[in-house]
Protein chains: 2
Amino acid sequence: MDLSERQLQILQAIITDYVENAEPVGSRSIAKKYDLGVSPATIRNEMSDLEEMGYLTHPHTSAGRVPSDKAYRLYVNDLMKKKNLSAKDKRMINERLVASRDEFDRTIRHAAELLSEITHLASFAMTPATNEETISFIRLLPVDERTLILMIVGDSGNVTNTTLRLNVPYTQESLELLSKNMTVSYKGRTLDDVLKNEIAEDVGSDIEALAQLKGNVMPSFIRTLEDMLNVNLYMEGMTNIFNLPEYTSIDRARDFMELFARKDWFTQKMLAREDGVVVTIGEENDKMKDCTLITATYHVDGKLVGKIGVIGPTRMKYDEITSIMEYLTNNLSESFRLPGDTGDGNAGKDE
Amino acid sequence: MDLSERQLQILQAIITDYVENAEPVGSRSIAKKYDLGVSPATIRNEMSDLEEMGYLTHPHTSAGRVPSDKAYRLYVNDLMKKKNLSAKDKRMINERLVASRDEFDRTIRHAAELLSEITHLASFAMTPATNEETISFIRLLPVDERTLILMIVGDSGNVTNTTLRLNVPYTQESLELLSKNMTVSYKGRTLDDVLKNEIAEDVGSDIEALAQLKGNVMPSFIRTLEDMLNVNLYMEGMTNIFNLPEYTSIDRARDFMELFARKDWFTQKMLAREDGVVVTIGEENDKMKDCTLITATYHVDGKLVGKIGVIGPTRMKYDEITSIMEYLTNNLSESFRLPGDTGDGNAGKDE
DNA sequence: TGTTAGCACTCGCCTATCGAGAGTGCTAAT
DNA sequence: ATTAGCACTCTCGATAGGCGAGTGCTAACA
């Protein structure tokens, strides 16, 4: 069942050609462009075999062949070689990324913008992996007699806050007390843990004013925790996909847009994924059957945390894009390392 | 130069028909559907006059007439009658909006979602008018020895925060000192004021540690203030426009998307606008020449603050949409009024 | 004088048709 | 096992004809 050397060569040629031109590729053009030393007829026979094995498809009788998800999978796993970044891409990453190294969220957003600019695909980026994050402290800050700010801070510096308006005024003391009270209760616990176990929590407290305030704050607290799992997902460059031939049909474009707008789906997708660069092709995604999702992780202080990714049609330059993402995330991780660990700020390890 | 009664009737009929069907409307169909007591030939003559005056255009010789921006403007100013909301829309607004009255940002986002659902257009909403907002206080909160959170709170409860990572550790005391120091300096000043006058501010301070910390924090402070002018703009339902006949062309759709993604443009647009429901038609918008923007203001505690709006092709149901927006913003303002002012939470004034 | 009926004319759009081009799959020769 | 040759298929673009909707003009009419 293994493929012969020649079959691999042909398959590789077809993928390269199709990725480049977005058009079904025929035996003749393969024979011409890539000299494999065989005639079109031979290639046709091999192609026929490859199709039978599920690596190629015919869009219609008598159009060329198109690689299947299976073919891309084989390519990504076995055939693909790492690509050196172009000098331009490297320069862009080095220059644009360092500029705002001191601010976390901004840096991540910039990284996503950068990625979509370089790859000409839609990109997204997630700040520190929130499902593993633990609560560091909770603050309640006064605005006016009925308005207050609820602020939840995670151990990696992740923050979410909501402004709350109560029906009755609160007192300064009860506010401070509740802040401390909640911090003690939740400090060190993960968001997931709190969300699963706290929903129907007792609001019990000896002091009445405090109990009342807590009763008012808790529903928002829960909702804000839920937000914390979603809110730090940046999505950029979605209009890039309009330039791709697979999305010239308005229906395709609409479908893509609608899915891309579903932040929760991406968050879900990201949480389940392992370290490093991960490629999910076509059918391997439950929805988005004709899209490929490539994600990569970056680290903060060496700890595994955030993800960044691109999404586009299965027809994409896997070699280039994975290389770019590796370089970019290395660079990011380097930027987020404690200063002093390494002398220079330009991470690029695969130089 | 004034239009005759009959011309107004005909113009109104053309607008109604075109808004409904999105197709150039001919004299015959007007005569048939709206009985004005005149023949198609008469209508043709009037149409010809209306075209000469700039209220109608021909897409091509021998297709029906299409209303111009000028016609819509006339319609909105003089012809249009308030529409009663459908029971369904009213119910939706009442039910969905009350649900989360206690949380500001969430409510506004929901309002935008709701608006786009009801109108089938793209919508956006802005939390309290940030250019008038003054700084209430500034907090610096510790995360770990090198990481801290910078938090800016406005007088209407608007909050922005950034996580900062410094190159050198800071001390607890200097952090608290700087918090107070900055709060004293900026409390009560508007964002604009600070941004314009503070850029090259001295970092002077007698205590060295404080001066150093301040030097590290100030650049982020400025950037975060800038963020505060943009960040609270929610945009929803952009995929709705794919269902409109004016956006079946991929190029049109792309143009729309690209503009819709430009948050700063919307923010700009919103800041300049007056109270109440405002309609800006076609050419009246510098960009988006074939779009209409409708915005409305809502109030918090009776003070003028936030805006909410829809955007779509100039062909839209002005009467319905303005009525919906009036109802919705009244409802919002009512929800954000101090409790006790009025007994019931359902605002709807134009019942 | 304003209104209307009639009619020729103009376009845009849909459909059918045709030919070119690209590619396959099979067969027979090497 | 490989290749050349050939018939066949299918898509795509261009072209032409016909239909329908609508205008603009003229002449008749109240």
Side-chain angles (χ1 to χ4, degrees), chain A residues 3-11 13-18 20-68 71 245-246 248-249, chain B residues 2-11 13-18 20-68 71 245-246 248-250:
Chain A
L3 300 182
S4 72
E5 189 58 34
R6 194 170 65 188
Q7 285 176 321
L8 289 177
Q9 280 177 356
I10 291 174
L11 191 57
I14 292 173
I15 290 173
T16 307
D17 203 80
Y18 184 69
E20 182 75 28
N21 304 311
E23 266 161 29
V25 16
S27 55
R28 230 181 91 80
S29 64
I30 291 270
K32 228 190 284 182
K33 280 193 235 174
Y34 312 82
D35 48 17
L36 306 174
V38 287
S39 76
T42 310
I43 293 176
R44 271 205 293 284
N45 289 331
E46 297 285 31
M47 278 167 139
S48 187
D49 291 350
L50 284 168
E51 179 162 5
E52 215 172 320
M53 286 186 272
Y55 291 102
L56 297 176
T57 54
H58 262 211
H60 315 280
T61 317
S62 119
R65 282 347 198 267
V66 171
S68 68
E246 21 279 279
T248 43
S249 139
Chain B
D2 264 11
L3 300 182
S4 71
E5 189 57 34
R6 193 170 66 189
Q7 284 175 322
L8 288 176
Q9 280 179 355
I10 291 174
L11 191 58
I14 292 173
I15 290 173
T16 307
D17 202 80
Y18 184 69
E20 182 73 28
N21 304 312
E23 267 162 28
V25 15
S27 54
R28 231 181 89 81
S29 64
I30 292 272
K32 229 190 282 180
K33 280 193 234 171
Y34 312 82
D35 48 15
L36 307 174
V38 288
S39 76
T42 310
I43 294 175
R44 269 204 295 284
N45 289 331
E46 297 284 30
M47 277 168 138
S48 187
D49 291 349
L50 284 167
E51 179 162 5
E52 215 172 318
M53 286 186 273
Y55 291 102
L56 297 176
T57 54
H58 263 211
H60 315 279
T61 317
S62 124
R65 276 3 191 262
V66 171
S68 67
E246 12 291 268
T248 43
S249 139
I250 200 81

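Basis for what follows: all heavy atoms, side chains included, without hydrogens, waters or symmetry-related copies. Per chain, numbering begins at 1; letters A, B, ... match sequence-line order.
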Within the pair R6(A) and dT2(D), is there a side-chain N or O less than 4.0 Å away from OP1 or OP2?
-> yes
So which heavy atom on V25(B) is nearest to which on M47(B), and how close?
-> O-CE, 3.6 Å
Kindly indicate whether the side chain of I43(B), heavy atoms from C-beta on, has any atom under 4.5 Å from the side chain of P40(B).
-> no
Could you check how far CD1 of I10(B) sits from P of dT23(D), rounded to whole Å?
-> 12 Å
Would you list the protein and nucleotides 6-8 of chain C atom pairs, both N or O, that sit under 3.5 Å from each other?
unit_1	atom_1	unit_2	atom_2	d
dG6(C)	O6	R44(B)	NH2	3.2

Take S39(A) and T42(A) through the test side-chain contact (heavy atoms from CB on, under 4.5 Å) and record every step on the way to the result.
-> CA-CA 5 Å; S39(A) 76; T42(A) 310; 3.3 Å; yes
Who are the side chain to side chain contact (heavy atoms under 4.5 Å, CB included) partners of S249(A), not counting sequence neighbours?
-> D251(A), R252(A)
Student check: side-chain heavy atoms of I14(B) and Y55(B) closer than 4.5 Å | no
In whole angstroms, the gap separating C1' of dT4(C) from CD1 of I43(B) amounts to 12 Å
Which residues, if any, of residues 21-34 of chain A bring a heavy atom under 4.0 Å of DNA chain D?
-> none
Kindly indicate whether the side chain of S62(B) and the base of dT10(C) share any N or O donor-acceptor pair separated by less than 3.5 Å?
-> yes
For dT11(D), take OP1 and OP2 only and decide whether either is under 4.0 Å from a side-chain N or O of H60(A).
-> yes
side-chain N/O S39(B) vs dT4(C) OP1/OP2, d < 4.0 Å = yes
Spacing of CE belonging to M53(A) relative to OG belonging to S68(A), to within rounding of 0.5 Å | 11.0 Å
Carefully, step by step, assess R6(A) and L36(A) under the rule side-chain contact (heavy atoms from CB on, under 4.5 Å).
-> CA-CA 8 Å; R6(A) 194 170 65 188; L36(A) 306 174; 5.7 Å; no
Nearest-Å distance for atom pair CD/P, residues E52(A) and dG25(C) | 11 Å
Just to confirm, is there a sub-4.0 Å distance from OP1 or OP2 of dT3(D) to any side-chain nitrogen or oxygen of T42(A)?
-> yes
In Å, rounded to the nearest 0.5 Å, how long is the span from OG of S4(A) to CD1 of I10(A)?
-> 7.5 Å
Could you check if a side-chain atom of L11(B) sits within less than 4.5 angstrom of a side-chain atom of L56(B), using non-hydrogen atoms only?
-> yes
For a salt bridge (charged side-chain N to carboxylate O under 4.0 Å, His left out) with R65(B), tell me which candidate from E46(B), E51(B), E23(B) qualifies.
-> E51(B)
Spacing between M47(B) atom CE and dG24(D) atom C1', to the nearest angstrom | 13 Å
Between D49(B) (CG) and dC25(D) (P), how many Å, whole number?
-> 12 Å
Separation of dG2(C) atom C1' from E46(B) atom CD, nearest Å, is 10 Å
Side chain of R65(A) - closest among dT24(C), dT4(C), dT23(D) = dT24(C)
Can you tell me the distance, in whole Å, between the CG atom of L56(A) and the P atom of dG23(C)?
-> 15 Å
Considering only side-chain heavy atoms of V38(A), which listed nucleotide, dT3(D), dT24(C), dT23(D), is closest?
-> dT3(D)
Nearest-Å distance, CD1 (I14(A)) to P (dG23(C))?
-> 12 Å
